[in-house]
Amino acid sequence: MKTIQPLHSFEKIKILSDPRRMAILRLLMTCPATLTQIAGRLGQSPAWVRHHMLALRAADLVEISEIRRTGRVTEKYYRAQADALLLQEMVLPKSSKPAILFSGSHDLALEGIAEHLAKHITLLSLPVGSLDGLVNLRQGLCQVSGAHLLDENGEYNTPFVRHLFPDRPVELFTLAHRTQGLMIAAGNPKHIRGIRDIAHPNIRFVNRNAGSGTRLWLEAELGRKGIDPEGITGYEKTVKTHSEAASLVASGKADVSLGLQAAAHQHGLDFIPLFEERYDLVLPTENEEKLSPLLDHLQTAAFRNVLNTLTGYNPAHSGEQIQLH
């Protein structure tokens, strides 16, 4: 099986920003070739190819795979160092404050934390969902993630973290327990009572992105109740945050969505509670010192007071560390 090599070096990414070098590299990912063969395929001169090949070789993106001698003629065959490349580079602001990149499940309390800690750190958010956030953390694309993933045994987050980080020390800290349910228009004009009602043909649903903890819970619940997702109008329409989902319901573009009680309250929606979940922050142990302002804030009365203003948030276990083993 061919493999993908992640690129973390900005210098390598910069070299590949030149479309001419990218074109050469893509040809060499298919099969080895000489300068003359590459020139013929690209409609350029061998000297033109040689110029760009030097840069690719200097960056260790291309290597000589074979040297063939036929009589007095010597030909060098070049190949790419990887079958495919994944370009990964974070461009963070340069300032005296550390910049922390969060990638994971959207949370309303985190937005308040970012404002509170603005004097100490710059907290940047990339809401991609619980599962993709943990994958980004594994790949080094963020310093901290947030998840609310429930496994089939009723355990939150730890089975997924153990699976994705079997060889790296990782820590989990509870941010809060949160109530999720159906966010519906004020006055409940469509008379929605529970999950089964979202499959009614006259009900327009808006979904969360694949890999989000909310979406995974919904998929499991639909399976338990024998509800076919294809029969749900709008199931394929997705948003990345609870706030986006609530906004669509509030504007009349959807009738219902699954999300946080706090988001429903902020948008003046009615709410049908379905379950309470544990939302944890996940970070490699090596990042604990850098994240100490954030972790220390979870222990404060000020943070608990903020959580108490968010409908459906329970701060009783905020700041507690979850043991992985």
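- In this structure the side chain of E171 never reaches within 4.5 angstrom of the side chain of Q323, judged on heavy atoms.
- Residues V249 and V256 fail the side-chain proximity criterion, which asks for heavy atoms closer than 4.5 Å.
- By the 6.0 Å contact criterion, CZ on R41 is enclosed, its count of non-hydrogen atoms from other residues, nucleotides or ligands being greater than 12.
- Note: D132 CG to L126 CG = 9.5 Å, rounded to the nearest 0.5 Å.
- Annotation: side chain of L42 is in contact with side chain of L27 (closest heavy-atom distance under 4.5 Å).
- L298 and L172 are not part of a single hydrophobic cluster, where members link through side-chain heavy atoms under 4.5 Å apart.
- Scanning both residues, M183 and A246, for their nearest heavy atoms gives CE-N, 3.7 Å.
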Discussion item. The test is side-chain contact (heavy atoms from CB on, under 4.5 Å); show your working for I38 and L28 and say whether it passes.
Written reply: CA-CA 9 Å; I38 296 170; L28 296 179; 3.7 Å; yes
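- Listed for the S45 side chain is a donor-acceptor partner under 3.5 Å among the backbone atoms of W48.
- A donor-acceptor pair shorter than 3.5 Å can be found between the side chains of Q180 and E277.
- Rounding to the nearest 0.5 Å places OH of Y279 at 7.0 Å from NE2 of H148.
- Residues A262 and Y313 approach most closely at CB-CE1, 3.7 Å, considering heavy atoms.
- In this structure a side-chain-to-backbone donor-acceptor pair under 3.5 Å is present from S65 to Y77.
- For H297, the NE2 atom sits in a packed shell: over 12 heavy atoms of surrounding residues, nucleotides or ligands are nearer than 6.0 Å.
- Once rounded to the nearest 0.5 Å, the distance linking CD1 of I113 with CG of L123 reads 8.0 Å.
- The backbone N or O of Y235 lies less than 3.5 Å from a partner atom in the side chain of N207, making a donor-acceptor pair.
- In the hydrophobic clustering of ILVMFWY residues, with side-chain heavy atoms under 4.5 Å counting as a link, I100 and L124 come out apart.
- A donor atom on one side chain and an acceptor atom on the other are found under 3.5 Å apart for D280 and T174.
- Following chains of ILVMFWY side-chain contacts shorter than 4.5 Å, one can reach I67 starting from L56, so the two form part of one hydrophobic cluster.
- Nearest heavy-atom pair, P293 versus I121, reported as atom, atom and distance to 0.1 Å: CG-CG2, 4.2 Å.
- Between K240 and E244 there is no salt bridge, since no side-chain nitrogen of the basic residue lies less than 4.0 Å from a carboxylate oxygen of the acidic one.
- Here the closest heavy-atom approach between residue I232 and residue I198 is recorded as CG2-O, 3.5 Å.
- Between V239 and L248 the shortest side-chain heavy-atom distance falls below 4.5 Å.
- For Q37 (side chain) and T34 (main-chain N/O), a donor-acceptor pair under 3.5 Å exists by modelled atom type.
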Item to complete: Please assess R278 against H177 for the test side-chain hydrogen bond (donor to acceptor under 3.5 Å, both in side chains), listing each intermediate value before the final yes or no.
Response: CA-CA 4 Å; R278 193 185 79 224; H177 285 71; 5.4 Å; no
Practice prompt. Determine, stepwise, if the pair D151 / R162 fulfils salt bridge (Lys or Arg N to Asp or Glu O under 4.0 Å).
Written response: CA-CA 12 Å; D151 83 336; R162 283 194 291 264; over 6 Å; no
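- A salt bridge is defined here as a Lys NZ or Arg NE, NH1 or NH2 lying under 4.0 Å from an Asp or Glu carboxylate O, and R79 with E63 meets this definition.
- Taking 4.5 Å as the limit, some side-chain heavy atom of Y78 sits within range of a side-chain heavy atom of R57.
- Atoms CD and CG, from Q261 and L108 in turn, are 11.5 Å apart once rounded to the nearest 0.5 Å.
- Considering L294, L307, L110 as possible partners of L175, the one that fulfils the side chain to side chain contact (heavy atoms under 4.5 Å, CB included) test is L110.
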Worksheet item: Do E288 and L295 pass the side-chain contact (heavy atoms from CB on, under 4.5 Å) test, and can you show the C-alpha distance, the side-chain angles, and the key distance before you say yes or no?
Response: CA-CA 8 Å; E288 184 177 356; L295 300 177; 3.9 Å; yes
Fill in: Stepwise side-chain contact (heavy atoms from CB on, under 4.5 Å) check, H116 with F303
CA-CA 9 Å; H116 182 83; F303 176 63; over 6 Å; no
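- Without hydrogens or angle criteria, H51 side chain to A47 main chain gives no donor-acceptor distance under 3.5 Å.
- Between the H200 side chain and the N202 main chain, a donor and an acceptor come within less than 3.5 Å of each other.
- Using a 4.5 Å heavy-atom cutoff, the side chains of L85 and L25 are in contact.
- By the 6.0 Å contact criterion, CZ on R69 is open, its count of non-hydrogen atoms from other residues, nucleotides or ligands being 12 or less.
- Here the shortest heavy-atom pairing between L324 and V170 reads CD1-O, 3.3 Å.
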Discussion item. With side-chain hydrogen bond (donor to acceptor under 3.5 Å, both in side chains) as the criterion, how do E155 and T158 come out once you've worked through the C-alpha distance, each side chain's angles and the decisive distance to 0.1 Å?
Written reply: CA-CA 7 Å; E155 189 174 358; T158 50; 2.4 Å; yes
Worksheet entry | Derivation of the side-chain contact (heavy atoms from CB on, under 4.5 Å) call for H52 and D18 | CA-CA 10 Å; H52 294 294; D18 187 322; 4.1 Å; yes
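- Hydrophobic cluster membership is shared by L137 and I322, with clusters built from Ile, Leu, Val, Met, Phe, Trp and Tyr side chains linked at under 4.5 angstrom.
- By the 6.0 Å contact criterion, NZ on K97 is enclosed, its count of non-hydrogen atoms from other residues, nucleotides or ligands being greater than 12.
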Discussion item. Salt bridge (Lys or Arg N to Asp or Glu O under 4.0 Å) for K190 and D197? Distances and angles first, verdict last.
Written reply: CA-CA 9 Å; K190 292 296 183 78; D197 293 327; over 6 Å; no
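- Inter-residue side-chain proximity for R168 and P284 is flagged as met; some heavy-atom pair is nearer than 4.5 Å.
- Using a 4.0 Å cut-off between a side-chain N of Lys or Arg and a carboxylate O of Asp or Glu, E75 and R68 do not qualify as a salt bridge.
- For the atom pair L16 CG and R26 CZ, the distance stands at 9.5 Å (nearest 0.5 Å).
- Side chain of E276 to main chain of T179: no donor-acceptor pair is present (N/O by atom type, distance under 3.5 Å, no hydrogens or angles).
- When side chains are defined from C-beta on, L274 counts as touching L182, because their heavy atoms get closer than 4.5 Å.
- In terms of modelled atom types and a separation under 3.5 Å, the side chain of S257 and the main chain of V206 share a donor-acceptor contact.
- In this structure, S145 and G133 approach most closely via the heavy-atom pair OG-C, 3.2 Å.
- Distance alone, capped at 3.5 Å, places no donor-acceptor pair between the D270 side chain and the A186 backbone.
- For the side chain to side chain donor-acceptor pair (under 3.5 Å) with H106, the qualifying choice from E111, R208, H242 is E111, the only one to do so.
- In the hydrophobic cluster analysis, where Ile, Leu, Val, Met, Phe, Trp and Tyr join through side-chain heavy atoms closer than 4.5 angstrom, L131 is grouped apart from L218.
- A salt bridge does not link K12 to D60: none of the charged side-chain nitrogens sits closer than 4.0 Å to a carboxylate oxygen.
- Put simply, CG on N188 and CZ on F271 are 13.0 Å apart, with the number rounded to the nearest 0.5 Å.
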